[in-house]
Amino acid sequence: MSERVAVRKTYKLFIGGKFPRSESGRSYLVQSSNVSLASRKDARDAVVAARAAVKGWAGATAYNRGQILYRVAEMLEGRREQFVALGIPGDEVDAAVDRWVWYAGWADKLAQVYGGANPVAGPYFNLSAPEPTGVVAVVAPERPALLGLVSVIAPAIVSGNTVVVAASPSEPLAAVTLAEVLATSDLPGGVVNILTGAITETAPALAAHMDVNAIDLTGVADAALATDLEVKAAENLKRVLRPAPADHDWSTDPGLGRMTVLLETKTVWHPKGV
């Protein structure tokens with residue numbers, strides 16, 4: 001009897017809560033698995049999905065968003081051994097779970113910390129409240145493949161933004177496996193969209209897209225590419241987060257900066273009753 005040939009898994013993109021193949025039909029080999037090579041058309045499709053999800057996700061209660069992020073942590077912990085089998089250290093998986101929990105806890109606290117009543121000289125209430133920026137494009141850090149990815153996705157979506165993520169080209173399996181976690185975690189389709197492949201192809205399309213409100217260049221190591229993406233982003237005045245230092249330690253306290261930089265502040269005036 002001939003030896004059985006194992007079925008090689010094909011990892012697809014994650015767009016709009018579904019797992020489509022790249023419209024180009026291309027893929028590349030990673031750890032004996034086929035991974036989709038996203039095209040500019042895939043990037044545009046992901047932005048459409050992210051934009052469609054903004055209203056529902058931003059309109060959800062902060063408490064509900066926190067519940068969903070916590071559910072992601074639960075599902076990720078349940079798949080711990082699957083990530084370890086991909087070569088991701090167990091302590092990194094644990095740290096990624098803890099990071100989801102940490103951001104989940106901030107979901108219903110941001111408004112109190114970064115909003116409130118302002119003192120004014122007049123018979124008015126003046127109130128400021130944080131609101132999400134909208135659609136955020138993210139270039140994920142190359143490493144650590146899972147913790148770095150979670151550390152750029154969670155702070156963006158906790159406040160109501162939706163994201164299109166260009167995953168690490170060299171270590172994409174963590175991203176596409178995380179997509180399987182997200183798909184079973186009550187997260188509405190389109191809130192997180194994940195593209196695998198060359199960031200030199202997808203990132204410029206995202207930076208130039210007129211329906212993207214902000215771009216996070218954390219994982220861009222090439223200074224020339226980062227400059228080109230910033231120039232493209234300036235066309236519609238996108239908010240730009242500069243690349244992270246190569247030696248950035250993702251295991252340290254993340255702080256609040258990644259959440260607050262993707263917020264807009266809405267201030268309203270209302271007359272006081274006599």
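Note that the numbering runs from 1 along the sequence shown for the chain. Keep in mind it's a predicted model, so treat the numbers as computed, not measured.
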Does the side chain of [Y] come within less than 4.5 Å of [X]'s, by heavy atoms?
X      : Y      : result
Asp94  : Arg80  : yes
Lys41  : Asp45  : yes
Pro155 : Leu262 : no
Pro172 : Tyr11  : no
Val150 : Tyr103 : no
Leu173 : Val30  : yes
Trp100 : Tyr70  : no
Thr196 : Leu13  : yes

Considering all heavy atoms, the nearest [X]-[Y] contact:
X      : Y      : answer
Pro254 : Trp102 : CG-CZ3, 3.7 Å
Arg143 : Ser170 : NH2-OG, 3.8 Å
Ala46  : Ile15  : CA-CG2, 3.8 Å
Trp57  : Leu187 : CH2-CD1, 3.8 Å
Ala156 : Val163 : CB-CG1, 3.5 Å
Leu217 : Ala226 : CD1-O, 4.0 Å

Is there a donor-acceptor pair closer than 3.5 Å between any side-chain N or O of [X] and the backbone N or O of [Y]?
X      : Y      : value
Asn236 : Met210 : yes
Ser22  : Ser24  : yes
Asp211 : Val48  : no
Gln112 : Asp108 : yes
Arg65  : Val158 : yes
Tyr28  : Pro169 : yes
Asn161 : Gly134 : yes
Asp216 : Val139 : no

Pair Phe19-Phe14, side-chain contact (heavy atoms from CB on, under 4.5 Å): steps then yes or no: CA-CA 5 Å; Phe19 293 90; Phe14 185 54; 3.6 Å; yes

Enclosure of [X] [atom1] (heavy-atom neighbours >12, cutoff 6.0 Å):
X      : atom1 : result
Glu74  : CD    : yes
Arg21  : CZ    : no
Lys109 : NZ    : yes

How far apart are the C-alpha atoms of Glu230 and Arg242, what are their side-chain angles, what is the distance that settles it, and do they pass the side-chain contact (heavy atoms from CB on, under 4.5 Å) test?
CA-CA 9 Å; Glu230 288 189 40; Arg242 296 287 178 81; 3.0 Å; yes

Of Glu142, His248, Arg258, which meets side chain to side chain donor-acceptor pair (under 3.5 Å) against Thr218?
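Exactly one pass, corresponding to Arg258.
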
For this session: With side chain to side chain donor-acceptor pair (under 3.5 Å) as the test, would you mind laying out the steps for Ser151 and Arg99 before giving the verdict?
Result: CA-CA 7 Å; Ser151 297; Arg99 189 134 303 174; 3.0 Å; yes

Please round to the nearest 0.5 Å and tell me the distance separating atom [atom1] of [X] and atom [atom2] of [Y].
X      : Y      : atom1 : atom2 : value
Leu182 : Thr177 : CG    : OG1   : 11.0 Å
Ser251 : Leu147 : OG    : CG    : 7.0 Å
Leu195 : Leu206 : CG    : CG    : 6.5 Å
Leu263 : Glu131 : CG    : CD    : 9.5 Å
Leu146 : Leu76  : CG    : CG    : 6.0 Å
His209 : Asn213 : NE2   : CG    : 11.0 Å

Linking I/L/V/M/F/W/Y whenever any side-chain heavy atoms sit under 4.5 Å apart, do [X] and [Y] land together?
X      : Y      : result
Val113 : Leu69  : yes
Trp250 : Met259 : yes
Val136 : Val152 : yes
Leu110 : Val261 : yes
Val191 : Leu149 : yes

Exercise for review: Would you check, one step at a time, whether the test side-chain contact (heavy atoms from CB on, under 4.5 Å) holds for Ile153 with Leu178?
Suggested key: CA-CA 11 Å; Ile153 292 177; Leu178 179 64; 4.3 Å; yes

* **Residues which pass salt bridge (Lys or Arg N to Asp or Glu O under 4.0 Å) with Arg239, listed by chain and number, not counting sequence neighbours** =>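 Arg239 satisfies salt bridge (Lys or Arg N to Asp or Glu O under 4.0 Å) with Glu264 only.
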
TODO: Assess whether side-chain contact (heavy atoms from CB on, under 4.5 Å) is satisfied between Leu225 and Ile199, documenting all intermediate values.
DONE: CA-CA 10 Å; Leu225 176 59; Ile199 63 171; 4.2 Å; yes

For this session: Under the side chain to side chain contact (heavy atoms under 4.5 Å, CB included) rule, collect the residues that match up with Gln67, sequence neighbours excluded.
Result: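 Per chain and number, Gln67 pairs via side chain to side chain contact (heavy atoms under 4.5 Å, CB included) with Tyr63, Asn64.
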
- Would you say the side chains of Arg26 and Ser39 form a donor-acceptor pair under 3.5 Å? no

The side chain to side chain contact (heavy atoms under 4.5 Å, CB included) partner of Thr162 among Thr133, Val135, Val47 is Val135

